Every structure is written in C-alpha cells, then in structure tokens.
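Contents: one structure, followed by commentary.
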Amino acid sequence: DANERAFQTRIEADIKIEPKDWMPEGYRKTLIRQISQHAHSEIVGQLPEANWITRAPTLERKAILLAKVQDEAGHGLYLYCAAETLGVSRDQLLAQLHSGKAKYSSIFNYPTLNWADVGMIGWLVDGAAIMNQVPLQRCSYGPYSRAMIRICKEESFHQRQGYDALVKMCLHGTPEQKEMAQDSINRWWWPALMMFGPSDAQSVHSAQSMAWKIKINTNDELRQKFVDQTVPQADYLGLKIPDPDLKWNEEKGGYDFGEIDWDEFYQVIAGNGPCNKQRLSDRVKAWEDGQWYRDGLMAHARKKAERRSAAAA
Amino acid sequence: DANERAFQTRIEADIKIEPKDWMPEGYRKTLIRQISQHAHSEIVGQLPEANWITRAPTLERKAILLAKVQDEAGHGLYLYCAAETLGVSRDQLLAQLHSGKAKYSSIFNYPTLNWADVGMIGWLVDGAAIMNQVPLQRCSYGPYSRAMIRICKEESFHQRQGYDALVKMCLHGTPEQKEMAQDSINRWWWPALMMFGPSDAQSVHSAQSMAWKIKINTNDELRQKFVDQTVPQADYLGLKIPDPDLKWNEEKGGYDFGEIDWDEFYQVIAGNGPCNKQRLSDRVKAWEDGQWYRDGLMAHARKKAERRSAAAA
Amino acid sequence: MTADALCQFALRLGDNCLILAQRTSEWIGHAPVLEEDIGLANVALDMVGQTQLWLGLAGELEGRGRSADDLAYRRDAGAFRNLLLVELPNGDFGQTIMRQFLFDAWHHALLKGLTRSAERRVAEIAEKALKEVSYHLARSTDLVISLGDGTDESHRRMQAALDELWPYTGEMLTQDEVDDTLAAAGIAPALETIAAEWTAHVADTLDKATLRRPPPGHMHRGGKRGVHSEHLGYILAEMQFLQRAYPGATW
Amino acid sequence: MTADALCQFALRLGDNCLILAQRTSEWIGHAPVLEEDIGLANVALDMVGQTQLWLGLAGELEGRGRSADDLAYRRDAGAFRNLLLVELPNGDFGQTIMRQFLFDAWHHALLKGLTRSAERRVAEIAEKALKEVSYHLARSTDLVISLGDGTDESHRRMQAALDELWPYTGEMLTQDEVDDTLAAAGIAPALETIAAEWTAHVADTLDKATLRRPPPGHMHRGGKRGVHSEHLGYILAEMQFLQRAYPGATW
C-alpha cells in the first residue's frame, strides 16, 4: 500500500510521525497501548513511593520524596497528553486501567517494606526505566519522543538521588541500615530484571515494534545492559546481589546471570502479585471518591462560561 | 396519697424497692435518667481509654487496659439491664444517647493525650466515680443497688491499678515520665472535681433524690471527701495539684480548695468540650455501621426459632 | 538447627497473637454492640497473654537476653514472623469476624497438636492457650454461621470477606523448612494434619453459613519469613512508639 | 522574655507547616485527579521547606543545639505548638481543601505582616514563604469557590466542611501572651489586624462560593500551648518512627 510504504520510508529516514500524519492502524493501536501503559505506570507507581512520605526519616528526605512523586505524576500527565494525540481520551484510558483491562508496569505490584526500598526504587526501578526510556527519546512518534526527552531529564535526577540515599545507608550507615539495604535488594533485584519483559524468544510483538521504531532495543539487550551497569554500582555499595549465578564473562565483556523465575513473572502479570489488588482498588477508590470533585469543578466551569456569555450578550 | 406514703415508709426503713413494686412516676423517671446516664458514661468512657490500647507501653499494661475497658463495657451492660427493669428498652436509651438528648459524664469529653492520662483516669476519674458509687450500693432501688455492688468491686481494682501505673512513673520513673504525669494532672484535676456536679447551692433536684435515697450525699460533700482523700495520694506521688488555693484547714479537718471554673463546666455540658462532637459521632458511627450486624444476628435467631418449631411440628 | 527452628516457630506464634490482638483492639469502643466490645476485648486480652508466653519462650531460646516485651517493642517489620492474614486491615466487622474465624480454625487445630509436643515448654503453653482458643473458635464459628445465614446484606458482607481473605489462608497451611524440622522432631504436628482439620471445619461452617467457598487460586505468602505487606510497618509505628520514644523507662 | 516568645512563635509556625504537610501528604496517590496529586504534593513540599526554616530558627533561639530535624522528630505531642486545625483528620477532599483555605487565609495575612518584622531572621523567612503561600491561597480560594458553587453535592460537602472546621478557626485569630509580647516588640503583627484581613477574605470567598458562614460559637483552643487533640499522637508515632527506631543513624 502506498501510504504504508511512504510511512515506513519516513520511519527509516528518522523523520518524526506527528498526530496529523497518516499512520497504520496497528501503529496507532500499539502506541496507544504502550504510551498509556507507561502513563498508568507513573500513576500507580506513586503508591509504593508515597507509602513512605509520612515516614521519611528526615525533613530533607521527605522533601526529596515529595518532589519525586510529584514529578512522576507529572510524567503521567505528559504521557496521557501524548496518548490523547492518537485519538483517545484520558478518561477512556483511566476506565481501562480501573477495569483491570489495561496493564501497568508489574514492578509496582511489589510492596515497599523499609526505607531502603525508596532508594532502591530510585536506583534499580528508575534505572531500569531509564534504560528503556533513553532510546525511546529517538522513537518515531513525535509527541512520545518529546515526552521521553522531558521525562528522561528528571528520571536521571531521581535515580541519582535514590542511589545517594543508599550510599548514605551503605557506606556511612549503621549496621542496621546496611542490613536494611541488603534486605531491600534481596527483594527488588529480580523484579527489577523482570521489568524488561519476557526473554526475546518469548516476546511476541517485538519485531513489528522495532520496524516501526517504537521499540529500539530488544528486551534481553536492555536487560544485559542494565545488569552490566548496575553490578559495579552494587559492588560499590557493598551489597550482595541475590544471584548465585552472577559472574563476569570475559569473553562477552558482560555479566552472566541466573534464570529469572518466569513463573513469578507471569503470576504477577496475571494479577497475583503481593499488591495487585490493593494498587488497583486504591486507584479505583481515588477515582470513585473523587467523582463529586470532578463533577463540581466541571459544573463550576460551565456556570462561569454561561455567565460570561450572558454578560457579553 | 396512700401509695406514696407506703412507698416513702419502705424507703425510710431501708427496704429495697423492686421492679414489681409501686413507685411514684417521678422516682421511676429520675432513676431511668440517672441509671442510663451512668450506663452511657461507661459506654462513652471506653473511648478515651481504648485510645491507648494499641499504644500501651508494655504487654502487661496492654492487658491491664484491655481488661479495664472490658470491665467498663460490662458495667454498662449491668446498668442498661437495671434501667430496663423500669420499663424502658436499651435501644430506646441508646437512641437518646445518639440523638444528643441523653447525657453522659462530662469527664469523658476530655482527650487522653499521654500514657499518664490512662493511670490518671484510673486514679482520679474512677476514684471520683467510686466516691459516688459506694454510697449508692445502699440506694433504695434493688436492681441499681445490686449493680452498684458488682461495679464497686471492680472499680476499686481499676483505681488501684491506675494509681500503681502512676507510682511506677512518678516514684520509679525517668524525669520525662514525671513530667508526663505532672502534665496529666494539670489537665485532669479540675475536670475530676467537676465530676461531682454543680455546687449544692446550684443543684436543683437534690432534695427529692435524697429523700428517695437514690442520692445519698450532696455534691459538695462528696467533692470535699474526694479532695481530702486524694491530696495525700498526690503528695505521695510528688505531683503538684494545679490549685494555688489548696490548703489544709485545721479547723474543718479537711482541705480548702479553689473555685471551679463553672464556665468551663457548663460549656462542656452544653457540648463545647474538646471531644464532645467526636465522642458522640464515634458512638453514632459504631451504631449505624453495626446495623447490618445486629439485623443479621436477629434474622438468624428468627430463622433458628422457625426451624425449631418446624422440626417440632 | 532444631533450636533455631523452634525459636522461629515461637516467634511466629507470638507474633500472630500480638498482631491479631492489635488489629482486634482497634474495634474497642466502636463495635456494633456492647457485647462485641466486650467479646473482642476478651479475645484480644487472651491473645496478649499468649503473646507473652510465646515471645517469652522465643527470647529464652534465642539466648540474647531479650524479653517478650523487647521482642514485641524493639523489632522492625522485617523481623516479625506473623502470617500476612493477621496484619491486614480490619475492613468492616464482617471481615474482622471472618479473619478471626479462619485464623481460629487453624490456631485451634495447631494448639491441639502442640499439646502433644515433644518439647515440654511448648506443650505447656499450648495447654493454657487451647482452653481460650477453643472458646474463640466456638464464638467465631457461631458468628460466621449467624451472619452468613442472616440477612441478605450480612450474607453478602460475609461472602465478600471470605473472598477477600481466602488468598491469605494458604500460608498457615503450607509447611516450610521450619515446619519440616519441627515435625520431624515431634515438636509440632505436620501441617498436613492441621490443614485437613482446618479444611473440614471450615467447609462445615461455610455450609451452615450458606457461604460459598472460593475456588482454588493463588495464595499469598511471606509473613512467616519476614516479608510482610505494607500494613505491618504502620501497626508497629503506633504500637512501639512509647518504648522507642522513652527507651530505658519502665511502665 | 522576648527571645522565649519568639522561640515559641517559631515553633508554632514550623509545627503548623510540618503537621499540615503530613496531613496533606496522606492524599498523594489518592487524590481525585492527577492534577491534585501534583498540586497537593507541591503544597506539601513548600510546607516542608518552610518547616525547615522556622524550626531551624526555633532551634537557634532555643540554644540547646537542636536542629530542625531534632525538633521535628524528637518531641512528643505535648511539646508541639501547632494549631488544632492542622492536626484534624483529612475527612473527604472537600474538608481537606476547606482546611487548607481557612489556614492559607491566615497564613498569608500573617506572613505579609511578618515581612515587616523587627527581627531580621523572621522577615527573611516570611519573605521566602510569602511567595509560596500567595500561590497556596490563590489556589485554595479558587477551589473553595469552584466547589462551593459547583454541583449540589459539592456545595453540600463544602458547607459541611466549613461547619465542621469553623470552631477551629478561632485559635489562630486569638492573641495570647506570646502574641502580645511579639506584637509589642514589633516582631509580629497584632492578630487583630490579621483577623480583620482573614475575616474579609473569607467572607468574600464564601460569598462567591455561595457558602453560608457559620454563626458565632465556641472556639476550640489548646494547640498553641501544647494541649492537642487525640489525633496528634498518632501522626507523630508514624512520622517519627525511623528516627526513634534508629537513633544515631543518618539518612
């Protein structure tokens, strides 16, 4: 088809696709799913982190965490806006999230159980997200690419602050703080690796997404890169990564690591993680409890508009 | 009237009036009000104390407080039962409490702000209550008199445990614990004195109640007795009673003490104490939220009865 | 190894009682009827007593000089060994009663088995606790039946409670290494036996209560080995405040 | 005497910001719209910054070597000096916004006055805070008007919130000895002036919001002198846990 060939030519020439451009239906649908999933992740991702705002151990850490969660909610906003350029409304996307139809990053189905988890999320979870997002700054869809650029700037800052919190605990901390950080990485390491998705062999839609340049690297590529980047950082912290098979491979110039528990991976995606039910019911409750508020604001906006027209008339 | 004269003769002969006996309507009404007010006090009185169960500083103190609150709820039960012998139902009495019509002891409209308050309530509040209740063991109405006997046994135990908790804090405690106890008595002393009601000069219905032997001593008599008994106990604890006019009066063989802030007294009775709204709304919420539970139990009881008759038939 | 396992086991039992007593205590003064303020206080009181016994034993076995109070008030969440079931929010009163029932049915069966423990201290504690827990079980069983077979609304709430809590019932019935070690040593009964008794009693009760047992599904775990839900941290912050704020004070 | 009064005053301002930031933070991730998760986080973040400034000043004046963090994390409830208004439970979102509005109207007027303080450190802090609080006030004023003059339900909820919180507005407008001392020293404005400005702005806003100002009545007091409600203890138990559980750790 001529449209499709022209479209693919633009992609290959690294010319951005913008909202008004023709695009294959599959491209549009895939992007809506991918962008909204990312947006939902920012929204739901507030919960495990906000869980420690009231208990942050210093005023400074409380401020840092408030700023981080605020940023992430903001990222959610950019992403919903980007998705809306593809012909879907935020309310529709939220309805999919609340009904359980739409997915969000599984990592947020794990509980934050101690203060080190807050730093750990910054270091590992944001770190893994960045690994995925940096290449997407070059993705083919203009609004998504620009949202990624804005987000990546802030995300690196968050990662550094998370790592800094762990440096404080691991290198300048008490024995209990070190234990807390070790307990934390014991729980978060494998779920962080799972953030990169199934192995390439199991990954169904990758080829088309890569051709459309809305996926830039394969799951396994990013996962390997993440491990190679992160292991030295863990060594610096003096934390032991909970993988007995982790080993430097001189030949490949990277780390060999153990097999992910794919059973746990699929269970969590299927809704059986420790926090799936709680996360979703918290978001649904916030939405339902807030109906009167949104209705109130809309009613007032209408009244104001009516008064303005009446005054003009 | 012959009935009234016979009734009054029994009273004066210290023969108990029982539910089936003739009694003046005023006697019945006054007793219902007095007994139900006492019952409501036990119920509402759970709240300031239950407020510290989850934060009790040792397992032993947690157990003691749970036992105390349980006892008080039990006292409420005895008293509602005693009131019901006068031809009113518990549900009717609760409806009066929840509507704000019926009163309960104002002391429970004050907040419990630190752990010493728990001991303070045992020592001063239960102490004041006992001062009132011990004579009532001899009151003229049988069911009320017998309820008072049961209650007094347990109440003295509670008072001793409260005082014991304060001995621990004041005589064997850290400076912070002593400060905590002093702060506590600064807030509870005057409200405890207010528990004895208005001064005799302002006390409207006392004469008739005393003739009927449902009030044995005057407000001021009991208040004086309480002060005389309690001041040495405070001295023993090393606590300073917040009354600059407190002074031993050799001539009367008791303490002179300062004027109660009657404005505060009447404000709290009128609903403007620190916790009035909260206490009432907590009780109303418990009642309303529990409607389905009570209905469920009743429905089941009916089903069981129906099945039994059906089986017998 | 057996001593370590027994210490873990005693912590588990003590922490179950402690955290469940905490949750239950939140209802005092707010229950649907006075009889329940009394009933719940009674159950909580029993559980605090059992906490003192089990954590006392754990402290002895641990040999670090920690008392029951030290263990209750000075450990952070990762060191607690209670089941996830007991730390969940109370929900409505139906969920609280359902939780109590599902726990009592296990607790009772386990304590019965423990009265025959090869370890004398365990058998003694179990003997004391069993009397109280037999009463707890009779009470919660009755309530589940009455509310399940009550009104449409009470039935609905009890069913919702059962569906909500069911995924948390697997943890107490599933034997792990600690349980293996103690069963092998004759100190604790094999959880298989307990599970069978639990299943039978629960099925019988649900039947009388006209409640539908949820289908088999995923079971949440982690509490027994210190991986809790996000709820426990808040429970402990409240519970431990005075001891942490006033270290060295006696009360 | 003036130094003591100023220390108390700084504690009051810092504690107001701290406790209100705590309460506000409870909404993050649970607000009615994403824009409010962001908006509330922003307000809370500003208030944490102001907490650091005011409690920092209080610590300096006190001269016992206590930092802002020491004051925030190591005092028990009786030593806190915040208004009762800010420690109340959040209620529904309408009550949270109404509380913020009633507080902002006072806070803004007070900070304006404080920029002219005879005490340089106070004027500097007030200058920084005023920018942020002007924005807070504009935001909360807008929201009160929009929700008051929105739907029947939003109107009802805002009126209920106003009625509920009104008895807690007297405390911030009533001058006590500390306020007297500082007004006399030109360090803080007379509360009469602040009260007049507050009353005017609140009346104007309620009018636009079609809300009915509650009749004069009893006003609750105590927070400014350390006699709080039963709520503050729980807020602190949660907030202070890590510092109390891990004394000597730096984060």
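Predicted, not measured: the structure shown is a model, and the values here were computed from it. Below, read A as the first sequence line, B as the second, and so on, with proteins coming before strands; counting in each chain starts at 1.
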Task: From D/I28 atom CD1 to A/E72 atom CD, the distance as rounded to the nearest 0.5 Å - done: 12.0 Å
Task: Distance (rounded to the nearest 0.5 Å) between A/L59 CG and D/L55 CG - done: 7.0 Å
Task: Working for side-chain contact (heavy atoms from CB on, under 4.5 Å), residues D/L143 and A/L297 - done: CA-CA 8 Å; D/L143 283 172; A/L297 287 193; 4.1 Å; yes
Open item on the list: Can you tell me if D/R213 has over 12 outside heavy atoms packed within less than 6.0 Å of its CZ?
Closed with: no
TODO: Report yes if the side chains of D/P32 and A/D289 come closer than 4.5 Å at any heavy-atom pair, otherwise no.
DONE: no
Task: Atom group of D/L18 that falls short of 4.5 Å from chain A, counting heavy atoms - done: side chain
Open item on the list: If I take atom CD from residue A/Q291 and atom CD from residue D/E153, how far apart are they, to the nearest 0.5 angstrom?
Closed with: 9.0 Å
Open item on the list: Is the shortest side-chain heavy-atom distance between D/D37 and A/Q46 below 4.5 Å?
Closed with: yes
Open item on the list: Pair D/D152, A/W292 - check side-chain contact (heavy atoms from CB on, under 4.5 Å), show working.
Closed with: CA-CA 10 Å; D/D152 285 347; A/W292 72 267; over 6 Å; no
- [ ] Against chain A, work out which of D/D149, D/T151, D/V48 has the most heavy-atom pairs shorter than 4.5 Å and name it.
- [x] D/D149
Task: Test item: A/Y293 and D/V33 side chains (from C-beta on) under 4.5 Å apart, heavy atoms - done: yes
Open item on the list: Holding to ring pair (Phe, Tyr, Trp, His ring centres under 6.0 Å), I want the full list of residues that pass it with D/H231, two or more places apart in sequence or in another chain.
Closed with: none
TODO: State the CE-CH2 distance between A/M169 and D/W251, to the nearest 0.5 angstrom.
DONE: 5.0 Å
Task: Closest heavy-atom pair and its distance - A/T174, D/G248 - done: CG2-O, 4.5 Å
TODO: Taking the side chain as every heavy atom from C-beta outward, state whether A/R283 and D/H30 have any pair of such atoms under 4.5 Å apart.
DONE: no
Open item on the list: Please classify the contact of A/E60 with chain D as side chain, backbone, both or neither, using a heavy-atom distance under 4.5 Å.
Closed with: both
- [ ] Against chain D, work out which of A/M298, A/R294, A/K304 has the most heavy-atom pairs shorter than 4.5 Å and name it.
- [x] A/R294
Task: Salt bridge present between D/E35 and A/R90 (N-O < 4.0 angstrom) - done: yes
TODO: Mind listing the closest non-hydrogen atom pair of A/G76 and D/L34 along with its distance?
DONE: C-CD2, 4.1 Å
Task: Side chain / backbone / both / neither for D/D92 at chain A, heavy atoms under 4.5 Å - done: side chain
- [ ] State plainly whether the residues D/D69 and A/R61 are in salt-bridge range, i.e. N to O under 4.0 Å.
- [x] no
Task: Contacts of D/I38 that satisfy side-chain contact (heavy atoms from CB on, under 4.5 Å) - sequence neighbours left out - done: A/Q70, A/A73, A/L77
- [ ] Can you tell which part of A/R302 gets under 4.5 Å to a heavy atom of chain D, answering side chain, backbone, both or neither?
- [x] neither
Open item on the list: Rounded to the nearest 0.5 Å, what separates atom CD in D/Q52 from atom NZ in A/K62?
Closed with: 10.5 Å
Task: Region of D/R157 in contact with chain A, defined by heavy-atom distances below 4.5 Å - done: side chain
Open item on the list: So which residue, A/G45, A/A56, A/A301, A/G173, ends up with the most heavy-atom pairs under 4.5 Å with chain D?
Closed with: A/A56
Task: Pairwise distance OG1(D/T250) to NE2(A/H172) - rounded to 0.5 angstrom - done: 8.0 Å
Task: Region of D/E36 in contact with chain A, defined by heavy-atom distances below 4.5 Å - done: side chain
- [ ] Would you check if D/F241 and A/T54 make a side-chain contact, meaning some heavy-atom pair closer than 4.5 Å?
- [x] no
- [ ] Side chain from CB out, backbone as N, CA, C, O: work out which of these in D/Q22 comes under 4.5 Å of a heavy atom of chain A, or both, or neither.
- [x] both
- [ ] Using the side-chain contact (heavy atoms from CB on, under 4.5 Å) rule, take D/S25 and A/L66 through it: C-alpha gap first, then chi angles, then the decisive distance, then the call.
- [x] CA-CA 8 Å; D/S25 295; A/L66 273 163; 3.8 Å; yes
Task: Residue part contacting chain A, namely of D/A72, when any heavy atom lies under 4.5 Å - done: side chain
- [ ] Could you tell me whether A/K285 atom NZ has more than 12 heavy atoms of other residues or ligands within 6.0 Å of it?
- [x] no
TODO: Determine the minimum heavy-atom distance between A/A286 and D/G29, stating which atoms define it.
DONE: CB-O, 4.5 Å
Open item on the list: I'd like to verify something: which residue of A/E49, A/M180, A/E42 has the highest number of heavy-atom pairs under 4.5 Å with chain D?
Closed with: A/M180
Task: 4.5 Å side-chain heavy-atom contact, A/W115 and D/Y246 - done: no
- [ ] For the residue pair A/H300 and D/L147, establish whether any side-chain heavy-atom pair is separated by less than 4.5 Å.
- [x] no
